[in-house]
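Note sheet for the following structure.
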Amino acid sequence: MNLSLSPEDADFLAEVQQALEPFADTRGFVVSNSTPELKAFYKALAARNWLALSWPVSAGGMGRSPVQEFLLWNEAHFRNIGRAPQGVGVVAKTIIRHGTEEQKAAWLDPIRRHDITFALAYSEPNAGSDLGSLQCKAVLEGDRYLVTGNKCWNSKAHTVDYLWLLCRTGEASSGKKGLTLLIVDAKAPGVVIRPLELMCGNMVTEIFFDRAEVPVTHRIGPENGAWRLITEALADERYVHFTPGRVRYDYFTLRRWLEEHGRLDDPSARRRMDELAVLVLQAEAHVLRLLATPGDSSGIAASNKLAHVNAIQQIARAAIALGGIEAMELDAPTSLHWRQTMTESIGGGTTEIMESIIARQRLGLAANR
Amino acid sequence: MSLSLDRDESVAAVAESVGRYCGSLAEGAGFAEAWRGFAELGLFSLPELFGDNSHAAMVAAMETLGRNGFYGPVADTLTFAACAPADLLEPVVAGEVVACLGRPPLVPWPDARAIHVTEAGGDAALLEVEAAEPVAMLSGDPWARVRASAGRALGPFVPWADCYDLCVSGWLVGAGLDLVEAASAHASQRVQFGKTIGEFQAVAAPLARAVLALDAAKVLAEAAAAHLDAGDGRLVTAARFSAARAAEQAAITAHQTYGAFGVLEGGPVYARSRRIRQLAAQFPQERPVDALAALGTGSLGIVRAQAEMAR
């Protein structure tokens, strides 16, 4: 068992801490990613090439380990700055693995420089957890696809340059085997994006495609072959997006708030906070399992997400329970966390789906989805 | 060297040999015979053999015992072997007597030849038992209501409590994992409404949540042991709290998953669930988690603590 950071990782962490200090409390978890502060943060990371930290050197990245990528984003979350942009993770890593040389040349540089941004466009009104049943259709006509259909619940799509679109190119009955990934210009004719405000003030969107044209060169991977690409990318993203740094931030924010409002003098409140601290450590334990397990680890990735969400929701609910009426002020961190964390057990894979993955992969149960 | 949760080779060897010995015990083997066998295996010599790195080995041994359903005051005896003065160790390490921690009036293992240790004024102290009346307890283990007083002082109690908490954490994690895995195997076989009950989300989800808590508790117990071996006991209380809650959740989930089988006196769950439940209440009880000490102030706790010590 080795729980020490290597000297290289420890040095990198110190460098990250210094670099991120000016961006503390950018509040990227609860604001649109179009804010100038968050963009400045991403640009600052880009200037160090840290948006491409774990990409291969041959792809313009720094070839660093998953541990260093985790340390970077864990620190960003601990400082309440924000999550990694979608483009540098799911999108870029899929292009690196499955894109053509021309596609790598066209997309990777502007992504790592944060000159262009992406939103995932997977879910639909009738296909949330069950992406295999999605209906948004792309038909190949000559050297372009014509896309028609609806997407929904897509985070921040109204602020980005491109959509990472999962659509059906196979027969309606083709399920997971008829899906294709396309990069769609978010401002192209035939694309209409409407924001939907969440209860925490953050935005998701609904997207309408009406014969929107997409060049065939914007298809990533084989036609009808997207399922494997998106599932391997989802496992990638979980140690970057669901970190114990965020859980710690929420915990210490609540602790400070309770202290400031004189509510930590109550022994039962102190005991509850002590018990919540164990959930913070449990979230860290699961991310360590993920980092220490190379290869296919989607079961552990599901555990990590579930432990993370459980911890932040328990902290948020404790805030409401311990904080009294002052905790209900709409802009108080207590109220904001309660509202924001409700969304975390939906996005990135619902809790029910995560539990089913654990039941199948960790316990060998034939649990239905 | 990158982050790793794998046991060190020597620690893994301890777990393997304890597991092999448990497997070799004949059905219905007596406690005394098993206990002597563990002593011959070197179980109670682990503190001496591993020196400053003994907590990781003890946690691994205890997890294996929990998985194999072995009960008895192993956590107490290992704690005694790790913390007691040298002049008291020989019969304990040889497996001739058991050592127990207890606080009168109720103490475990009232065997006349058992050594009892209690806590008095912050110190560990030998307990001198004057009279004992057997009492049946939830755990099913032999206990007694005693008249006793504290005798020879054995030094500060904190190291005893730390060691005991880690040993108990290991046992709880092992017992909990075995219960959940066995209940999952049952859920994969038992057919109701035309399909295995594990296919129902209402059955699968609680099992998933139980193993989620146990997997974290296992990391915490092993990490807390590694830190304590390096001189830092800040994670110990959190590790025990985590293991106790996870094991309790596992026991309740297992009872429910097995249905009526799960509540039989001689069924697959009760023997372990009754001990899991009592461990939370018996001396030394869980100590409050010191959240700020356990978490530290940085962005990581489990990793950070070790990195700090390495400097």
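By convention in this document, chain letters (A, B, ...) are assigned in the order of the sequence lines, proteins followed by strands, and residues within each chain are numbered from 1. Any value given below was found using the heavy atoms of this structure, including those in side chains, with hydrogens, waters and symmetry copies removed.
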Do the side chains of [Y] and [X] get nearer than 4.5 Å, heavy atoms only?
{"X": "A:Ser4", "Y": "B:Val303", "result": "no"}
{"X": "A:Arg362", "Y": "B:Glu181", "result": "yes"}
{"X": "B:Phe241", "Y": "A:Asp274", "result": "no"}
{"X": "A:Glu284", "Y": "B:Leu300", "result": "yes"}
{"X": "A:His286", "Y": "B:Val219", "result": "no"}
{"X": "A:Glu355", "Y": "B:Leu207", "result": "no"}

Among the options B:Ala208, B:Ala56, B:Ala205, B:Ala185, pick out the one with the most heavy-atom pairs lying under 4.5 Å from chain A.
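Heavy-atom pair counts peak at B:Ala208.
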
For chain A, which of B:Val180, B:Leu220, B:Val211 has the most heavy-atom pairs under 4.5 Å?
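Ranked by contacts with chain A, first place is B:Val211.
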
Hey, does the side chain of A:Asn74 reach the backbone of B:Ser299 with a donor-acceptor pair shorter than 3.5 angstrom?
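Yes.
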
So what's closer than 4.5 Å to chain A heavy atoms on B:Asp215: side chain, backbone, both or neither?
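Both backbone and side chain of B:Asp215 come within 4.5 Å of chain A.
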
Given heavy-atom pairs under 4.5 angstrom as the criterion, report whether the side chain, backbone, both or neither of B:Arg7 touches chain A.
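For B:Arg7, backbone heavy atoms alone lie under 4.5 Å from chain A.
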
Would you mind checking which part of [X] comes under 4.5 Å of any heavy atom in chain B, side chain (CB onward), backbone (N, CA, C, O), both or neither?
{"X": "A:Arg289", "result": "both"}
{"X": "A:Ile300", "result": "neither"}
{"X": "A:Arg271", "result": "neither"}
{"X": "A:Tyr249", "result": "neither"}

Decide side chain to side chain contact (heavy atoms under 4.5 Å, CB included) for A:Leu281 and B:Ser242; before the verdict, give the C-alpha distance in whole Å, the side-chain angles of both, and the deciding distance to 0.1 Å.
CA-CA 9 Å; A:Leu281 292 167; B:Ser242 180; over 6 Å; no

Quick check for you: among A:Leu288, A:Leu306, A:Val247, which has the greatest number of heavy-atom pairs under 4.5 Å with chain B?
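Answer, by heavy-atom pair count under 4.5 Å with chain B: A:Leu288.
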
Closest heavy-atom pair and its distance - A:Leu365, B:Ser188:
CD2-OG, 3.4 Å

Shortest non-hydrogen separation from B:Ala291 to A:Arg255 and the atoms involved
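The pair with the smallest heavy-atom distance is CB-NH1, 3.9 Å.
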
Within a radius of less than 6.0 Å around [atom1] of [X], do more than 12 heavy atoms belonging to other residues, nucleotides or ligands occur?
{"X": "B:Arg277", "atom1": "CZ", "answer": "no"}
{"X": "A:Asp25", "atom1": "CG", "answer": "yes"}
{"X": "A:Glu259", "atom1": "CD", "answer": "yes"}
{"X": "B:Gln256", "atom1": "CD", "answer": "no"}

B:Leu292/A:Phe252 under side chain to side chain contact (heavy atoms under 4.5 Å, CB included): CA gap, chis, key distance, verdict:
CA-CA 10 Å; B:Leu292 294 182; A:Phe252 284 119; 3.9 Å; yes

Take B:Arg209 and A:Ile358 through the test side chain to side chain contact (heavy atoms under 4.5 Å, CB included) and record every step on the way to the result.
CA-CA 8 Å; B:Arg209 288 194 291 271; A:Ile358 296 166; over 6 Å; no

To the nearest 0.5 Å, tell me how far B:Ser4 OG sits from A:Asn2 CG.
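Going from OG on B:Ser4 over to CG on A:Asn2, the span is 6.5 Å.
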
Could you check B:Asp229, B:Leu3, B:Leu5 and say which one makes a side-chain contact (heavy atoms from CB on, under 4.5 Å) with A:Met1?
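Single side-chain contact (heavy atoms from CB on, under 4.5 Å) partner of A:Met1 among B:Asp229, B:Leu3, B:Leu5: B:Leu5.
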
